[in-house]
2 protein chains.
Amino acid sequence: MPESYRQDVRDLALFADMDQVNFESLMRGSYVQNFPPRIDLITEGDSPDFLHVVVSGAVDLFSSWNGRETSMATVRPVSTFILAATIKDAPYLMSARTLEKSRIILLPSEDVRQVFEKDGAFARAIVTELSQCYRAVVKNTKDLKLRTSLERLANYLLRQMGRTGSSAFDLLMEKRRLASFLGMTPENLSRAFKGLEPYGVRVDGNHIKITDTEELMRFAKPSPLIDDHST
Amino acid sequence: MPESYRQDVRDLALFADMDQVNFESLMRGSYVQNFPPRIDLITEGDSPDFLHVVVSGAVDLFSSWNGRETSMATVRPVSTFILAATIKDAPYLMSARTLEKSRIILLPSEDVRQVFEKDGAFARAIVTELSQCYRAVVKNTKDLKLRTSLERLANYLLRQMGRTGSSAFDLLMEKRRLASFLGMTPENLSRAFKGLEPYGVRVDGNHIKITDTEELMRFAKPSPLIDDHST
DNA sequence: GTGGCCACTTGATAATTGTCAAGCCTTCGA
DNA sequence: TCGAAGGCTTGACAATTATCAAGTGGCCAC
């Protein structure tokens with residue numbers, strides 16, 4: 001292997017406090033792989049064989065039922081996905097595919113579970129990670145159940161504004177995926193963007209400019225208990 | 001205190017493998033309380049002061065935004081709620097109120113966090129619990145995003161049928177709360193019940209009878225990756 | 001270049017879901 | 001016993017969202 005990815009893993013909060021011996025035994029069976037865009041990584045219903053760590057690129061988590069499909073989340077570097085399935089040794093609830101060219105580290109699930117059983121620091125780190133994930137999904141559920149699609153879009157844009165620290169930014173995914181993520185159709189999203197124009201949202205392709213933050217916030221009514229993804 | 005609730009707590013998988021010394025230090029600051037129906041226990045946004053254990057009765061977890069309210073989950077004996085908020089020491093994302101007369105054990109959050117930090121078995125048990133919760137919420141999100149309200153109701157009824165092991169059963173909550181839980185209005189639920197009649201669902205008050213399971217399943221298309229709450 | 005592909009948009013229409021108002025029925029307490 | 005309250009239902013209607021079809025425009029391979 002030309003380069004080491006060990007440090008990428010060790011830098012993750014999930015693995016930072018782990019005992020060195022245990023860390024080594026985790027890394028022993030691991031490997032890194034490069035994927036082109038739009039490659040299926042895992043399929044919902046399958047058994048977890050590896051814990052995945054996204055080092056670069058981006059991964060889409062999505063689910064299907066009865067011919068329909070919906071985007072559940074986007075995983076960006078550096079973080080893991082399907083941690084819960086790995087620990088429980090239960091079937092994946094979501095499928096995953098690369099959005100861009102991505103570099104992904106694979107840690108054998110069995111090893112992860114073994115280390116989990118004997119390393120208290122690792123177990124505690126998993127708790128922190130899972131709490132975060134759990135709360136993120138709860139927030140997402142509140143977003144879905146309490147808001148209309150127009151309100152969800154407005155709040156999404158405000159979150160992106162906060163993330164980038166600028167009132168002008170580019171969408172970091174295709175609009176069709178954004179629509180799916182927000183629980184609506186592409187057509188509806190297209191109209192929703194128009195519907196936000198009166199509140200100070202200018203759209204040009206995938207470039208967004210918030211021209212009247214006050215007005216947009218008055219409409220969106222963002223709440224830390226839904227929109228603050230840091231807690 | 002006339003009776004001890006220690007065993008109720010110890011019987012929970014969450015606390016079963018915990019070191020006895022740590023268990024005692026957890027119980028030291030704890031107490032049990034009886035609540036009448038419809039009493040607010042916690043309010044979203046507040047800081048977690050106690051980890052709650054429902055010993056008897058039932059508790060509704062719900063969330064509000066902009067004057068709207070939605071039921072997120074029902075907690076039944078014997079289990080805990082707001083575990084993630086307690087561990088992270090982050091604000092509650094949901095409010096809680098009793099549905100019936102309930103008996104609830106309160107464990108000081110600070111004690112829970114302290115024991116969590118030093119007891120590996122406890123940390124591992126929390127991981128198991130949180131994984132379960134996380135996967136439950138993911139399933140719920142899939143239910144919401146991939147299904148119409150009629151399909152959600154149909155699958156809910158099938159789940160209840162599986163839970164009770166009988167094709168005739170009583171709804172265990174008010175229809176207005178069921179509606180809120182399923183992400184619809186009471187009026188819509190009322191019509192949805194009618195809409196399921198052709199698929200073999202008979203409704204009389206809160207008593208349900210599935211007269212044609214095959215037909216209902218053909219319509220509902222239940223999936224273990226959404227409807228099996230045991231994995 | 002140029003043709004095709006594909007995401008996106010737009011319009012027309014339909015399905016789904018929500019809102020409002022009224023009435024029914026059970027429950028519960030005076 | 002009666003009346004009020006509240007949950008449930010129903011009807012009429014409105015809002016939201018989805019579907020279908022057609023068109024636009026950018027991007028890429030040939």
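So that the names make sense, note that chain A is the first sequence line, chain B the second, and so on, each numbered from 1.
Side-chain atoms of B/Ile208 and B/Asp170, non-hydrogen and from C-beta on, never get closer than 4.5 Å to each other. The shortest side-chain heavy-atom distance between A/Leu106 and A/His52 falls under the 4.5 Å cut-off. Residues B/Phe219 and B/Leu158 are not in side-chain contact: their nearest non-hydrogen atoms beyond the backbone lie 4.5 Å or more apart.
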N/O donor-acceptor pairs under 3.5 Å from side chains in residues 179-200 of chain A, not counting sequence neighbours:
residue: A/Ser180; atom: OG; partner: A/Ser71; partner atom: N; Å: 2.7
residue: A/Thr185; atom: OG1; partner: A/Asn188; partner atom: N; Å: 3.2

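Shown here for B/Glu129 and B/Leu83, the closest heavy-atom pair between the two residues is CG-CD2, 3.5 Å. Residues B/Pro48 and B/Ala90 share a closest heavy-atom pair of CD-O, 3.2 Å.
The footprint of chain B on DNA chain D, defined by a heavy-atom cutoff below 4.0 Å, extends from D/dG7 to D/dA12.
For B/Lys88 (side chain) and A/Arg135 (main-chain N/O), no donor-acceptor pair under 3.5 Å exists by modelled atom type. With hydrogens and angles disregarded, no donor-acceptor distance shorter than 3.5 Å links the side chain of A/Lys142 to the backbone of B/Ser63.
In the model, A/Glu151 has no side-chain atom that pairs as donor or acceptor with a side-chain atom of A/Asn155 under 3.5 Å.
Defining each end axis of the helix from C/dG1-D/dC30 to C/dA30-D/dT1 as the rotation carrying four pairs' C1' atoms onto the next four, with five pairs an end, the two axes are found to diverge by 30° to 10 degrees.
Only B/Glu174, B/Lys175, B/Arg176, listed by number, bring a heavy atom of residues 167-180 of chain B to less than 4.0 angstrom from any atom of DNA chain D.
Within the structure, every pair that satisfies the side-chain hydrogen bond (donor to acceptor under 3.5 Å, both in side chains) test and touches residues 219-229 of chain B, not counting sequence neighbours, is listed here: B/Arg147-B/Asp227, B/Arg159-B/Asp227, B/Asp228-B/Ser230.
Aromatic ring centres of A/Tyr31 and A/Phe50: separated by under 6.0 Å.
With A/Lys145 as the partner, the side-chain hydrogen bond (donor to acceptor under 3.5 Å, both in side chains) test is satisfied by one option alone out of B/Thr141, B/Asn140, B/Thr70: B/Thr70.
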Subject >> Protein proximity profile, nucleotides 10-22 of chain C - base contact B, sugar-phosphate-only contact S, no contact -, cut-off 4.0 Å on heavy atoms >> reply: BBB----SSBB--

